[in-house]
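Chain naming here is simple, since letters A, B, ... match the order of the sequence lines and numbering starts at 1 in each.
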Amino acid sequence: MPMLTLADLGVLRGVEVERDADGEVVVASITPTYTGCPAMATMRDDLVHRLRDAGFDRVEVRVVLDPPWSSDWISERGRAALRAAGLSAPGPAPRRPGPVLLTLGPPRPAPPCPRCGSAATRLTSEFGATACKALYRCTACLEPFEHVKEI
Amino acid sequence: MSDEHGSVFDGLLGGDSSQWAFGTDFEDPLAGVDTTTPDGVDPAELAAYCLMLGDDALIMSQRLSEWCSRAPDLEEDIALANMALDLLGQARLLLARAAAADPAVVPALPEGSPVPPEDALAFFRDDRDFRNVRLAEVPNGDFAHVVVRLLLFSTARLALLERLRTSRDHVLAAVAGKGVKEVAYHRDWAGRWFLTLAQGTEESHRRLLAALDALWPLQGELVAAHPLERSLAGAGVGVDPAELRQEVDAVLDQVLTVSGVPRPGRAPLAGVGGRTGRDGLHTEALSLLLAEMQVVARAHPSGRW
């Protein structure tokens, strides 16, 4: 989703300057959206590259696994960028105290079509082109669209 | 080729390696994460436990990825690939955690080999060193088979991960915290397809029952406690699978009842002298799976990818 920055996506958890015997080190912390997210290495390399281009020679990228990433961390600016690109932004992530309930029926209320605004949309698949997206189809304008999943 | 044309290739070699999408080297999936073994826990036991959970995910992921391009339609193909990727991610962290806890579990490789520890564990161990349950390794069958296998596997794994979130080991707790969100989707997918196939056509119903009958004897291993699992559960690090039985039964009964399918009566597949997948005792299917999965890595132990 190139329309989002790492900060907009909520993947960038912090940037700090630490000092050691050799001087200052920029430490950036990132967290994967999904455990198997294959973009983690690219994100790390992009961060190192941009920070070096900005004049910071010593850069360290750390992985933060806890707390796990939540779609609630996508910024307002990020949500607007998703909508502008024709994607459906996630609603509030489910809170799950205790055992996770099995859902055998159609999952949660379907999101409105990001294209025409119709509420008449249907889930095609909860698994999309990337781990963080589900596939829907609008039955009003007939266009398919991607929805960023609530997790 | 003239100099000005040759310059097109100048940027490809040398220079800053971070120009490559994945760099020219591997990254540590636990970079910056505290991997100290919790007090009072034997690092070798912790590593062996991480291999059990990691191997379950790795072998299941491999079987799911074999479905790639073979599912009944594109959406289900993508769904199976997504679930394979989630489990591969869990496997990578768990194998890396095993290696960090006890480096002695990592197979020796030629000096200078760039293979990271989690890859050495995945690609350079023999079948007897794998600790996965046998349910994960049996060969794929038809679409009903993958639905039933995922239902049995993800029901037990979700119940386990829910409890593992409070592990005293921070890495296990973090892997579980994220894994719960992922595996909840896997279980829902499998549950819905189970219901669909059960109430679909006569043929889908017949195939579903055949898959259930074939896989049911392997289900018990997921909720049978190995002494190592009991030991780590006692230390507040692991989960005793016997504790999962009630929740697993309740979820499976819910799916079976809604689907109108009777609970199978087949007895669990016995081990040999009490030994099962958790002890490294596997079916021949694992050897064949590993032969395919490991062949390229083993042919090039010093290769860079």
At a 4.5 Å cut-off on heavy atoms, which part of [X] comes close to chain A: side chain, backbone, both, or neither?
X	answer
Leu85(B)	both
Glu162(B)	side chain
Trp193(B)	neither

Do Tyr34(A) and Glu182(B) pass the side-chain contact (heavy atoms from CB on, under 4.5 Å) test, and can you show the C-alpha distance, the side-chain angles, and the key distance before you say yes or no? CA-CA 8 Å; Tyr34(A) 282 72; Glu182(B) 295 163 352; 3.7 Å; yes
Under 6.0 Å from the [atom1] atom of [X], do we count more than 12 heavy atoms belonging to anything else shown?
X	atom1	value
Phe56(A)	CZ	no
Gln246(B)	CD	no
Arg50(A)	CZ	no

Going by residue number, which parts of residues 49-78 of chain B are within reach of chain A, meaning a heavy-atom gap below 4.5 Å?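 Residues of residues 49-78 of chain B touching chain A at under 4.5 Å: Glu75(B), Ile78(B).
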Nearest 0.5 Å please: distance from the [atom1] atom of [X] over to the [atom2] atom of [Y].
X	Y	atom1	atom2	value
Arg44(A)	Asp28(B)	CZ	CG	10.0 Å
Thr35(A)	Leu87(B)	OG1	CG	9.0 Å
Tyr185(B)	Ile151(A)	OH	CD1	7.5 Å

Sequence-distant partners of His186(B), ring pair (Phe, Tyr, Trp, His ring centres under 6.0 Å), two or more places apart: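 For His186(B) there are no ring pair (Phe, Tyr, Trp, His ring centres under 6.0 Å) partners, ignoring immediate neighbours.
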Are the side chain of Arg187(B) and the backbone of Val100(A) linked by a donor-acceptor contact shorter than 3.5 Å?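 Present.
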Would you find a donor on one side and an acceptor on the other, under 3.5 Å apart, between the side chain of Asn82(B) and the backbone of Phe127(A)?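 Not at all, since once roles are kept as given, no pair shorter than 3.5 Å links the two residues.
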Nearest non-hydrogen partners of Thr103(A) and Asp188(B), listed with the distance: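 The pair with the smallest heavy-atom distance is N-OD1, 2.9 Å.
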Using a cut-off of under 4.5 Å on heavy-atom pairs, state which of Ala174(B), Gly32(B), Ala84(B) scores highest against chain A.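 If we count pairs closer than 4.5 Å to chain A, Ala174(B) comes out on top.
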Which members of residues 63-80 of chain A, sorted by number, sit under 4.5 angstrom from chain B on a heavy-atom basis?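 Val63(A), Leu65(A), Asp66(A), Pro68(A), Trp69(A), Ser70(A) fall under the 4.5 Å cut-off.
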Looking at residues at least two apart in the chain, or sitting in another chain, which of them share a side-chain contact (heavy atoms from CB on, under 4.5 Å) with Pro144(A)?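 Not a single residue meets the side-chain contact (heavy atoms from CB on, under 4.5 Å) criterion with Pro144(A).
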Salt bridge or not between Glu126(A) and Arg192(B)? Use side-chain N to carboxylate O under 4.0 Å.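 Counted as a salt bridge, because a side-chain N and a carboxylate O are separated by less than 4.0 Å.
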Under 4.5 Å from any heavy atom of chain B - which part of Val61(A):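 When you check distances to chain B, only backbone atoms of Val61(A) fall under 4.5 Å.
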